[in-house]
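A short write-up of the structure that comes next.
In what follows, chains carry the letters A, B, and so on, assigned in the order in which the sequence lines appear, proteins first and then strands, with residues in each chain numbered from 1.
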Amino acid sequence: MELPVKYNPLEVEDKWYAYWLKNKYFHSEPDEREPYTIVIPPPNVTGVLHMGHMLNNTIQDVLVRRARMNGKNACWVPGTDHASIATEAKVVAKLKEQGIEKSSLTREEFLKHAWEWKEKHGGIILEQLKKLGASCDWDRTKFTMDEPLSEAVINTFVYFYKKGYIYRGVRMVNWDPQSLTAVSDEEVIRKETQSKLYYLRYFISEDGKPSDKYIVIATTRPETIMADAAVCINPEDERYHYLKGKKVFVPLINKEIPIIEDSYVTMDFGTGCLKVTPAHDINDYELGIKHKLPVIDIIDEHGCLNEKAQILIGEDRFVARKKITKMLDEAGHLEKEENYLSQVGYSERTNAVIEPRLSLQWFLKMEDLAKDALAKVENGEIKLIPDKFRNTYRHWMENVRDWCISRQLWWGQQIPAYYLPNGEFVVEATIEEALAAAQKIDPSVKMEDLRRDDDVLDTWFSSWLWPVSVFDPSKPGRPDRDPNAELAYYYPTNDLITAPEILFFWVARMIMAGGEFCQEVPFRNVYLTGIVRDKLGRKMSKSLGNSPDPIKLMEQFGADGVRLGMLLCSSAGNDILFDESQVEQGRNFCNKIWNAYRLIRGWEVSADIQQSEHSKLAAEWFDNKLSQTIETIDEHFSKFRLSDALMTLYKFFWDDFCAWYLEVIKPEYGKPIDKVTYDTTIVFFEKLLRLLHPIMPFITEELWQNIEERKDGETIMLQPQPKAAPYSVETIHAFEQGVGAIASVRNIRQSKGLSPKEALTLQIKGAFPEKIVSVVKRMANLSEVSLVSEIDNSVNGAAFMVDTIEFFVPLTGMVNAEEEIAKMEAEIAHLSKFLKGVEAKLSNERFVQNAPEAVVAMERKKQSDATTKIENLKNSIANLKK
RNA sequence: GGGAGCAUAGCUCAGUUGGUUUAGAGCAUCUGCCUUACAAGCAGAGGGUCGGCGGUUCGACUCCGUCUGCUCCCACCA
């Protein structure tokens, strides 16, 4: 079959992926082999593949495929996350399109819609991963709301509650008035927002009535004045000493509030008078507790003013702000307004302005858990790659706050707390157990009297169990229970590949859960990828439209090309600036591999001809170089230097294999190749394919299957990675001296405008490896190469050196002697300067005394080499001048 | 305001406990080639006083200090 000139990925990718699936090569079962395990960071079930996923999953696949080829029992567990807030928001939006309001549905009805949505859209992302070539064990696909995994979450909640780690409390939370839920600090995005600072007059009380004297306070939120509980001044602020012990009136509603003193107030900001609104600001809340102020909550869950506001009841907070400003102005309370740039918190999911709101939430105590999780990283049980993240990690773990785990949503695991009619509650995994517990409090309670808490748990409260629950969902919450066979075999997993921004939400918490329930870390290495940005360094986002569609990219450049493009520019922890040219480079490399194979395959093989000397040498060199390269690649992988490993391989294939090895052994046009060289070449090529396979699975399988007849069920996927054999540095160096000579001759040709077809001659003086002559002769198109004891300088020519070996190309009539001399003199000047530096070092007694012997010896060699070179150049010049 | 990190070629990055000749790579650039595997290619070439200053050392891209400029995290002045 004739192979096309260009590699066409579309024709091969689906074919081989289906073949791999059919033969269950991705599937893993515990056996006697050493396991290699990765659990996927579960993407949102309703998500679609973006560039970050591409990077992340390419890396995971490379590691998994390599481990599999190295004989490990490789298991990559895929799955998705229910992503409560994001998914619920999408379902609500979709229902709204159909004219259905969430509020008109019961919890059960809503959940039915949500599950339908999940069944329909969930898992698109997993199908997209297949296009990338991801070798996940799809039989193990999990979802964080699968029944057993949800049970694990409930058991975990009950466990921590009974341990005394979970408590219920009033807290100021970040309230999202749009999705009607509390969101975590991490889900609040602070953005610089242009707002206004309003200066308001609060009249001072005299005998319980407003006097004509007033103070001015500055606020960005005039709509909250009705919730003011005090005005605070700094006790050091002499301007306001006269106010101590006095009271002022809140404008419009004429409520009398005290003046309090606290050093929290910054004297030089605003007016130095702060209105204290405990219900609607986190700092004011803390102040309120300190000064025992009442909490007046005037904003409802939708962000509208409630009846406690007394005025503007039912108005949205932003509408109310406008209206009240006008009212204050009309009533003579507005002194002035100023533009003010401030940091405002927005909900990551809905982009609504976050409202600090007091509410009853469930919390998990973090102190002990964090201490333990910090130790695991500090003592090296878990390695972060790159390790600069250890500092960040430590900082976070030492300043951890209790985790607000309740969310006012329906999509998720409902909190297993059951309220008795008297307001008390019990926490149990099932309603039956809850009833039994409730009856201990009040024997008259019946099942229908119990009301379950409405809230669901934070999504991270299920994903922190992921590395445990995908294998043994009965383990979380039950540290004493023996692990099942799967967990015992696969846990702890080996490597976790994820983004640094979820180091705390997810990675740290998995370490906590793993320690608590398995008494063992969940993974050994955490490889933190960078954020994929566009080439201008901007984060990829829908609104900027700067994020390419990964599927289209793969269609255009092939999955292997995209994988290579992603890896090329990604060192751990550094953001990657994505540019389509990288993917193009990946595609070009695929084509290079493809064409190398076309060349080899096109040769006619003859058993009758002898292997040439140059082919033999090339093979010997390449074999040694192969081992050396494998060693380098292995080392890079052991340190998670993926892009370095890839680049080593890329250059080895392109430069060493194609540009040198193949060019040397290539038979003349129309002539056959000897069998020995051909067979050796096939062996080399097959090894290269195996080395490349983890990175470029499709093209390597296609060519591997094509090299020779394969039986059904055979695959490159399960071939071993080539191992490095002992190699000779001398052999490699000798050949590369030849390469240097060839390059110089080519350079001379080019600079003299000579055609590559025009044969030249070459004289060599010095310790040039004699056997390499045949290679040089062939590759530099030389009619004659002579090893001489003295350069024959009876004709003009061009001279050059490789190491200290002298070379001379006679070029009668083609050389401008003066030009050559000028070139050489420049070289002498350069070398002299260098030599001077070296000699200065060597004449420094302290250097000779203190530096290690090897370093001194190196300097001496530098000295003698440079001296020799200068002498040689001087000789050449003298010859040319004759 | 607190903490962390980064600064090396036009771009993206390596540079592994301070010493491997004159600091490397890929991409881009320039020159010459439609050479019978590949123009998604081949053969060459140019390009950096390692952000500035100071210090430690026989020796600094590497260690310390400082300044400048970026980035991220945390807390945020109403």
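In the set B/A75, B/G19, B/C38, the nucleotide with an atom closest to the side chain of A/Glu663 is B/C38. The listed nucleotides are B/A25, B/A39, B/U21; the one nearest the side chain of A/Val5 is B/A39. Minimum atom distance to the side chain of A/Arg746 is reached by B/G44, of the listed B/G44, B/U16, B/A78. Residue A/Thr219 has its side chain nearest to B/A78 when only B/C42, B/A78, B/G26 are considered. For A/Leu662, the side-chain atoms get nearest to B/A37 when compared with the rest of B/C77, B/A37, B/U21. For A/Thr266, the side-chain atoms get nearest to B/C77 when compared with the rest of B/C77, B/U21, B/A37. Of the candidates B/U21, B/C38, B/C77, the closest approach to any side-chain atom of A/Asp803 belongs to B/U21. When distances run from any side-chain atom of A/Lys6 to the nucleotides B/A40, B/A37, B/U20, the shortest one goes to B/A40.
Nucleotides B/G24 and B/G46 place their P atoms 13 Å apart, quoted to the nearest Å. When the P atom is compared between B/U16 and B/C61, the two are found 13 Å apart, to the nearest whole Å. Atom name C1', nucleotides B/C42 and B/C34: the rounded distance is 11 Å, in whole Å. Taking atom P in both B/U56 and B/U62, one finds a spacing of 15 Å when rounded to whole Å. Taking atom C1' in both B/U21 and B/C64, the straight-line distance is 29 Å, to the nearest Å. Taking atom C1' in both B/A75 and B/C13, one finds a spacing of 34 Å when rounded to whole Å. One C1' atom belongs to B/U29, the other to B/G18, and the distance between them is 35 Å to the nearest Å. One C1' atom belongs to B/G15, the other to B/C58, and the distance between them is 23 Å to the nearest Å.
Within 4.0 Å of A/Asn283, counting heavy atoms only, lie sugar-phosphate atoms of the nucleic acid but no base atom. Residue A/Gly565 is out of contact with every strand shown, counting any heavy-atom pair closer than 4.0 Å.
Here A/Lys639 pairs with A/Glu635 in a salt bridge; the nearest charged N to carboxylate O distance falls below 4.0 Å.
Between the side chains of A/Lys275 and A/Thr277, at least one donor N or O lies within less than 3.5 Å of an accepting N or O. Between the side chains of A/Gln737 and A/Asp803, at least one donor-acceptor pair of N or O atoms lies under 3.5 Å.
When each of A/Asp865 and A/Glu635 is assigned the nucleotide of RNA chain B bearing its nearest heavy atom, the one mapping closer to the 5' terminus is A/Glu635. Residue-to-nucleotide proximity on RNA chain B shows that, of A/His395 and A/Asn595, the 5′-proximal contact is made by A/His395.
Taking atom CG of residue A/Leu503 and atom C1' of nucleotide B/C72, one finds them 13 Å apart after rounding to whole Å. Rounded to whole angstrom, the span from the CD1 atom of A/Ile593 across to the C1' atom of B/G41 amounts to 15 Å. Following rounding to the nearest Å, A/Asn850 (CG) and B/U56 (C1') show an atom-to-atom distance of 14 Å. In this entry the distance linking CG of A/Asn588 with C1' of B/C42 reads 14 Å, nearest Å. Spacing between atom CG of A/Asn781 and atom P of B/G44 amounts to 14 Å, rounded to whole angstrom units.
Ring orientation note: the planes of A/Tyr7 and A/Trp594 are tilted relative to one another, at an angle of 30° to 60°. The aromatic rings of A/Phe589 and A/Phe653 sit perpendicular to each other, their planes meeting at more than 60°, with 30° as the lower class boundary.
Applying the side-chain hydrogen bond (donor to acceptor under 3.5 Å, both in side chains) test between A/Tyr661 and each of A/Asp656, A/Thr681, A/Asp655 identifies A/Thr681 as the sole match. A/Asp865 pairs in a salt bridge (charged side-chain N to carboxylate O under 4.0 Å, His left out) with only one of the listed residues (A/Lys861, A/Lys862, A/Lys869), which is A/Lys861.
Using a 4.0 Å cut-off, some side-chain N or O of A/Asn747 falls inside it from OP1 or OP2 of B/A45. Put simply, A/Arg641 has a side-chain N or O that comes within less than 4.0 Å of OP1 or OP2 on B/G15. OP1 or OP2 of B/G5 lies within a sub-4.0 Å distance of a side-chain N or O belonging to A/Asn391. For A/Arg587, no side-chain nitrogen or oxygen approaches OP1 or OP2 of B/A40 to under 4.0 Å. A sub-4.0 Å separation between OP1 or OP2 of B/U35 and a side-chain N or O of A/Lys757 is absent.
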Next on the checklist: What does the B/S/- profile of nucleotides 27-34 of chain B look like, 5' to 3', with a 4.0 Å heavy-atom cutoff to protein?
Outcome noted: S---B---
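A/Arg749 contributes a side-chain N or O that, together with a main-chain N or O of A/Glu758, makes up a donor-acceptor pair within less than 3.5 Å.
Within the shown strands, B/C27 is the pairing partner of B/G10 under the Watson-Crick or G-U definition, both distances less than 3.5 Å.
Once rounded to the nearest 0.5 Å, the distance linking CG of A/Leu553 with CZ of A/Arg587 reads 11.5 Å.
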